[in-house]
Amino acid sequence: MESKQSSGSHRNSTCCPVKSTWHYERQFAETTTCHGVSHIVSSDRLWSKAIWSVFVCTAFVAVISQCWLLFSNYLHHHTVTEIRVLYEDRIEFPAVTVCNFNRLRKSVLEDWGIIDTDMREYLLAGFGAEGVHHGNLTFYPKIRHHRFLNISKTAGSKIPKDFEQVVRKAGTQFHDLITFCIFGGLPNFGFCADEAFQHAYTELGNCYTYKPKIPGYQYATGTNRGLTLGMFLRVEDYAETLFYGLIESGLRFHIHDPGEPPIMEGSGLSVAPGVHAYASIARTDFINLKDPWGECVNHSLTFFPKYTVQGCLLECKVKFIMSVCNCTPIAYPSVDGVPVCSPVEMLTCFYRKSIEFEFLKIQDTPCGISCDPACNYTEYDVALSYAELPGKSVAIEFAAEKNVTLEFLKKNYMELSVYFKDIKRTIIEQKKAQTPEGLISNIGGQLGLFLGASFLTLAEFGQYILIKLQHWCGTKDPDKKRKEALEKRKDNTSVDHRPVDTSQDNDCNNAKAAAVTYL
């Protein structure tokens with residue numbers, strides 16, 4: 001009897017099932033675009049369901065771990081460096097600064113009445129630390145200063161009162177140094193006019209920078225396609241001394257970006273007289289990233305149009321020296337209203353404070369900024385080679401052409417050729433190892449590889465979660481709401497006289513009646 005009752009109950013539940021939310025899970029599993037989930041529900045055998053469950057769970061774990069690694073790499077702001085070579089039809093020519101090792105001409109100093117070595121050493125001290133490393137000039141600086149003032153009074157108006165004018169007049173002059181110029185095979189025309197050279201003060205006194213107002217370009221390779229300068233050094237007019245001067249003779253040059261200052265002491269190259277120096281150059285452009293991906297900055301500088309590390313350090317040092325010495329060295333950028341440091345000020349203040357600056361952090365100076373690498377800057381790699389000048393077969397004729405003796409020519413004359421080895425530039429660019437677009441693409445690839453899913457599949461999971469939340473929070477069954485809406489619509493419409501299929505209801509009633517009769 002009990003078995004029959006249970007049988008009747010089974011028929012009743014099959015015919016008129018009680019509504020539950022399990023059909024949502026089954027419907028989602030059968031319709032989702034996430035691969036493998038439908039096999040868990042549709043498989044008839046238990047072992048098949050277990051295998052597919054393991055596969056799907058393993059795929060989910062793999063996707064989560066891979067996405068975690070992708071996000072972790074993105075948040076660590078890793079970078080990669082890309083190097084590419086760009087060949088062009090032409091390439092812009094850099095600035096070239098040339099300086100004679102002689103900072104003051106002996107003939108001019110003698111004309112001013114400065115004859116003894118002691119006074120020449122005093123004047124040479126005004127250029128900076130380059131010439132004060134052999135002796136004890138810092139002893140008795142004020143005594144030497146008073147001696148110089150007495151000599152100035154005796155000479156009258158010959159000796160300028162300002163040290164800058166002393167250097168300007170007694171230093172190397174442009175036409176005394178550079179005798180001819182050729183650019184791109186065109187001598188002394190256009191890009192080689194006097195206006196193409198700009199005067200600059202450095203640790204070596206008067207220097208001259210080849211920097212035309214209209215940038216020049218090199219169109220073909222070859223030593224005669226760039227810049228060639230012929231220069232007389234006039235070593236017999238050197239006023240340098242053994243203990244406090246520069247003991248070398250020759251030329252120092254620096255190839256740099258037109259927007260950068262010439263750094264002769266740290267980046268210059270030296271050439272001896274009596275040679276033809278060939279400087280083959282290659283251009284490299286650097287492109288860096290800002291924080292948090294990189295450390296580059298683009299501060300605006302007061303004294304230079306373009307931000308560079310060297311320019312930033314030099315500007316910070318100028319502001320520091322100016323704040324403690326109330327003057328600026330001749331080799332540093334000038335400031336309106338601030339005088340150029342005299343030799344006595346260099347001896348009593350600059351040398352000591354300059355060493356002190358090197359041990360300070362940049363943030364502790366009046367500069368107040370950190371001189372980090374620039375976001376965009378250019379460097380020129382130089383390869384030097386030399387040839388004897390003049391050659392033995394043409395030495396006599398060459399000396400006659402220059403209207404000097406052969407001995408004088410070998411001791412004083414030299415030529416410098418600067419040219420691009422190839423019409424190309426190398427670009428070294430710092431790039432993000434993981435961009436937002438790449439992160440999204442990689443996540444999409446992981447979803448497709450392990451689950452065959454897309455971002456629209458995430459929308460399916462979101463819809464399923466919302467339905468489950470509605471059920472857990474006590475919200476009415478969405479199907480029940482739909483049925484109630486349909487019933488209301490039926491009540492508001494006319495009665496439908498079409499025959500209604502009541503076979504299912506009759507079967508249910510017959511089953512109920514049979515169960516009652518049996519009881």
Side-chain angles (χ1 to χ4, degrees), residues 85-101 174 177-194 196-198 207-212 214-233 250-258 262 264 267-285 378-402 404 406 409-426:
V85 178
L86 183 62
Y87 287 88
E88 299 177 327
D89 296 332
R90 63 178 188 174
I91 188 167
E92 184 176 351
F93 208 78
V96 181
T97 300
V98 294
C99 305
N100 194 342
F101 270 107
F174 174 73
L177 177 65
I178 300 176
T179 59
F180 81 88
C181 168
I182 296 177
F183 181 78
L186 300 176
N188 299 316
F189 177 79
F191 291 105
C192 263
D194 291 352
F197 293 85
Q198 299 180 12
C207 297
Y208 301 94
T209 301
Y210 176 78
K211 187 168 61 174
I214 301 176
Y217 291 87
Q218 183 174 330
Y219 292 85
T221 59
T223 58
N224 60 342
R225 294 300 182 181
L227 175 69
T228 300
L229 300 175
M231 289 165 284
F232 270 111
L233 303 178
L251 180 89
R252 197 165 179 83
F253 70 97
H254 180 210
I255 301 172
H256 55 96
D257 188 90
M264 308 307 297
S267 303
L269 299 172
S270 301
V271 181
V275 299
H276 188 160
Y278 295 91
S280 173
I281 59 176
R283 174 176 170 174
T284 303
D285 295 333
T378 301
E379 289 185 354
Y380 295 92
D381 297 324
V382 184
L384 269 178
S385 59
Y386 306 92
E388 183 184 3
L389 183 72
K392 291 183 178 180
S393 61
V394 297
I396 298 177
E397 295 180 18
F398 192 79
E401 180 187 354
K402 298 296 181 181
V404 294
L406 182 59
L409 193 69
K410 290 184 176 181
K411 290 182 178 179
N412 292 273
Y413 186 74
M414 63 155 297
E415 291 185 3
L416 173 65
S417 294
V418 181
Y419 58 96
F420 280 100
K421 180 181 178 181
D422 297 298
I423 309 302
K424 68 177 183 180
R425 55 193 179 99
T426 303

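Both backbone and side-chain heavy atoms feed into the values below; hydrogens, waters and symmetry mates do not.
The structure places CZ of Phe253 at 4.5 Å from CG of Leu269, a figure rounded to the nearest 0.5 Å. Considering CZ of Phe93 and OH of Tyr380, their distance stands at 9.0 Å, rounded to 0.5 Å. Here the CG atom belonging to Asp422 is positioned 7.0 Å from the OG1 atom belonging to Thr221, to the nearest 0.5 angstrom. Note that the CG atom of Leu177 and the SG atom of Cys99 stand 9.0 Å from one another [nearest 0.5 Å]. Put simply, OG1 on Thr228 and CG on Leu416 are 8.0 Å apart, with the number rounded to the nearest 0.5 Å. A distance of 12.0 Å separates CD1 in Ile396 from CG in Leu409, rounded to the nearest 0.5 Å.
Applying the side-chain contact (heavy atoms from CB on, under 4.5 Å) criterion to Thr426, with sequence neighbours excluded, gives Ile83, Val85, Thr284, Ile428. For Lys411, the side-chain hydrogen bond (donor to acceptor under 3.5 Å, both in side chains) criterion is met by Glu407, not counting sequence neighbours. Partners of Glu88 under the side-chain hydrogen bond (donor to acceptor under 3.5 Å, both in side chains) rule, at least two apart in sequence or in another chain, are Arg425. Legend: residues meeting ring pair (Phe, Tyr, Trp, His ring centres under 6.0 Å) with Tyr413, ordered by chain and number and at least two apart, are Phe232, Phe398. Applying the ring pair (Phe, Tyr, Trp, His ring centres under 6.0 Å) test to Phe174 and every residue at least two apart in sequence or in another chain returns Phe197, Tyr208.
Residues Pro390 and Leu406 are in side-chain contact: their nearest non-hydrogen atoms beyond the backbone lie under 4.5 Å apart. Side-chain atoms of Ile182 and Asn224, non-hydrogen and from C-beta on, never get closer than 4.5 Å to each other.
When all heavy atoms of Met231 and Thr179 are compared, the pair lying nearest together is N-OG1, 4.1 Å. In this structure, His254 and Ser267 approach most closely via the heavy-atom pair NE2-CB, 3.5 Å. Across all their heavy atoms, Arg225 and Ala220 have their closest contact at CB-O, 3.3 Å. Across all their heavy atoms, Ala95 and Pro258 have their closest contact at CB-CA, 4.0 Å.
Side chain of Asn100 to main chain of Leu233: a donor-acceptor pair is present (N/O by atom type, distance under 3.5 Å, no hydrogens or angles). Side-chain atoms of Gln218 come within 3.5 Å of backbone N or O of Phe420 as a donor-acceptor pair.
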Distance-only check: which donor-acceptor pairs under 3.5 Å involve side-chain atoms of residues 270-278, not counting sequence neighbours?
unit_1 : atom_1 : unit_2 : atom_2 : d
Ser270 : OG     : Arg252 : NH1    : 2.5
His276 : ND1    : Tyr278 : OH     : 3.3
His276 : ND1    : Glu415 : OE1    : 3.4
His276 : NE2    : Ser417 : OG     : 2.8

